[in-house]
Student: 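Below you will find the structure I want to go over with you.
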2 protein chains.
Amino acid sequence: MTTVEKPGSAARAVEQLRNAMINGELAPGTRLSETSLTGPLKVSRNTLREAFSTLIEEGLLVRQPHRGVFVASLSPAQIADIYRVRVLLECSALSQAPTDPPRAAGLRTAVDDAGRAASAGDWRAVGTANMHFHEQIVALAGSPRLDSWMRQLTAELRLAFVAAPDPEALHRPFVAMNDAITSTYEAGDANRAADMLRDYLLTSERVVLGNLP
Amino acid sequence: MTTVEKPGSAARAVEQLRNAMINGELAPGTRLSETSLTGPLKVSRNTLREAFSTLIEEGLLVRQPHRGVFVASLSPAQIADIYRVRVLLECSALSQAPTDPPRAAGLRTAVDDAGRAASAGDWRAVGTANMHFHEQIVALAGSPRLDSWMRQLTAELRLAFVAAPDPEALHRPFVAMNDAITSTYEAGDANRAADMLRDYLLTSERVVLGNLP
DNA sequence: TAACCGCAGATTGTTCAACAACTCTTGTGT
DNA sequence: ACACAAGAGTTGTTGAACAATCTGCGGTTA
């Protein structure tokens, strides 16, 4: 007996808002008026506020009391903090992970997805696949909690991506690196793969900070 | 001009519920009926639901759709996961932290608080001080995000504490270890302190798992 | 002119009442 | 004993209302 996963109005509103932010339709800093969103989303103000609450907890929205909720915009310091945490989580997960084919499969499919999207020139899809790749790295640790936190990190980072003027420069360089890291891990040298990943992340941080508006 | 931090009804309800859970007045597994809580908390159902949302995101409550919200009860697997993450976060933060007196001060005050509470026989306060000690360890990393996550971990762990039959056995052994770890860190040997901390945590995990109801 | 003040107008925070959708229990029939 | 339908109770969602707070505009004063 499989649970049917009925969405529910609030969950649907959360999903729509999250997608709108990730797709760049809601730029960081945008103010989300309660009354003017009840129409398009077809939900009541109370339900909308509940949706806001969960997105605020996820860090995608920010509430300024009595002024409204805004799409979060990451400061350089916050981005640096995210990368500090990423280095910690991802390198630990990768270096301590035993090398076994089933676990490597998740990495490989993410790498392939990124390659296909890059060939098609769809840089937003490349970004999505890249983030999925890093989520798979953390998944090597086998901790549901770390998985959840990592998803939150990637979601917030995408807010910085959509604000960037040059998506190709942001995602192009890392497709090959993903491949190299995965190959090294598949070859059994997890520690060397973790070292490559650390350099990767420091480079990525510079690129992202350099692409801020 | 300092912001006055007006609580707001929702935030006040969150605070009351959280305290009630940490103090053991709401045992894990308890069902929280919406209608029967609007009275004591003096808030409307909608506001109460907003409070539930934040506590659910914090992991202290669990929602079963159309059935209600329940005080979270940690399974042994979840506790093991929490400790896996704690080892990762705390040991990393401690080993990579430079030794300087202002940072050590936070640790030392938490240790002293625990010692005083232990002398007074107030084991719940000892547990609180212990958790504060570990939050201070993570604070050595200087990452607001890790601080936030660590607070969440300690809050959830307290749910396991209140369900334990013997609080003294749960907290007594670790006061001295806190002191030893802090002294080692103050002496400049952060790596050795991190090793001690790892053993500490593995011991603590066994104690907590052994004290499950 | 420029700075300050106060007053509408709009928006958020919170409450209340109602109804739909769903779950659990109870009682009935076979 | 088992299946099933009716009922009661709870959650999910909506809409309207009011208080508290912020914003922007216009007027006053130096």
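As the structure is a computational prediction, the values presented were derived from the model and not from experiment. In what follows, chains are A, B, ... by sequence order, proteins preceding strands, each numbered from 1. Side-chain atoms are counted along with the backbone in the values below, which use heavy atoms only and exclude waters and symmetry mates.
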Student: Would you mind reading off the distance between A/Glu34 atom CD and C/dT14 atom P, rounded to a whole angstrom?
Tutor: 11 Å
Student: Just N and O in the side chain of B/Thr35: are any of them under 4.0 Å from OP1 or OP2 of D/dG9?
Tutor: no
Student: Hey, what's the ring geometry for A/Tyr200 with A/Phe174, parallel, tilted or perpendicular (30° and 60° as the breaks)?
Tutor: tilted
Student: Can you find a heavy atom in the side chain of B/Glu135 that is under 4.5 Å from one in the side chain of B/Leu153?
Tutor: no
Student: Indicate yes or no: at least one non-hydrogen side-chain atom of A/Arg49 is less than 4.5 angstrom from one of B/Asn46.
Tutor: no
Student: Checking all strands, does B/Arg12 fall into the base, sugar-phosphate, or nothing category for heavy-atom contacts under 4.0 angstrom?
Tutor: nothing
Student: How many Å lie between NE2 on A/His66 and P on D/dT21, as a whole number?
Tutor: 6 Å
Student: When you check the phosphate oxygens OP1 and OP2 of C/dG13, does a side-chain N or O of A/Arg63 lie under 4.0 Å from one of them?
Tutor: yes
Student: Has B/Ser9 got a side-chain N or O lying under 4.0 Å from the OP1 or OP2 atom of C/dT15?
Tutor: yes
Student: Using a heavy-atom distance cut-off of less than 4.0 Å, which residues of residues 39-50 of chain B contact DNA chain D?
Tutor: B/Arg45, B/Asn46, B/Arg49
Student: Kindly indicate, with the supporting measurements, whether the criterion salt bridge (Lys or Arg N to Asp or Glu O under 4.0 Å) is fulfilled by B/Glu15 and B/Arg18.
Tutor: CA-CA 5 Å; B/Glu15 205 61 27; B/Arg18 199 186 347 238; 3.4 Å; yes
Student: A/Gln64 CD to C/dT11 C1': how many Å, rounded?
Tutor: 14 Å
Student: Which sits closer to the 5' end of DNA chain D, B/Gly68 or A/Pro65, going by the nucleotide each is nearest to?
Tutor: B/Gly68
Student: Are side-chain heavy atoms of A/Tyr83 and A/Val208 found at a separation under 4.5 Å?
Tutor: yes
Student: Would you call B/Asp179 and B/Arg108 a salt bridge, taking side-chain N to carboxylate O under 4.0 Å as the test?
Tutor: yes
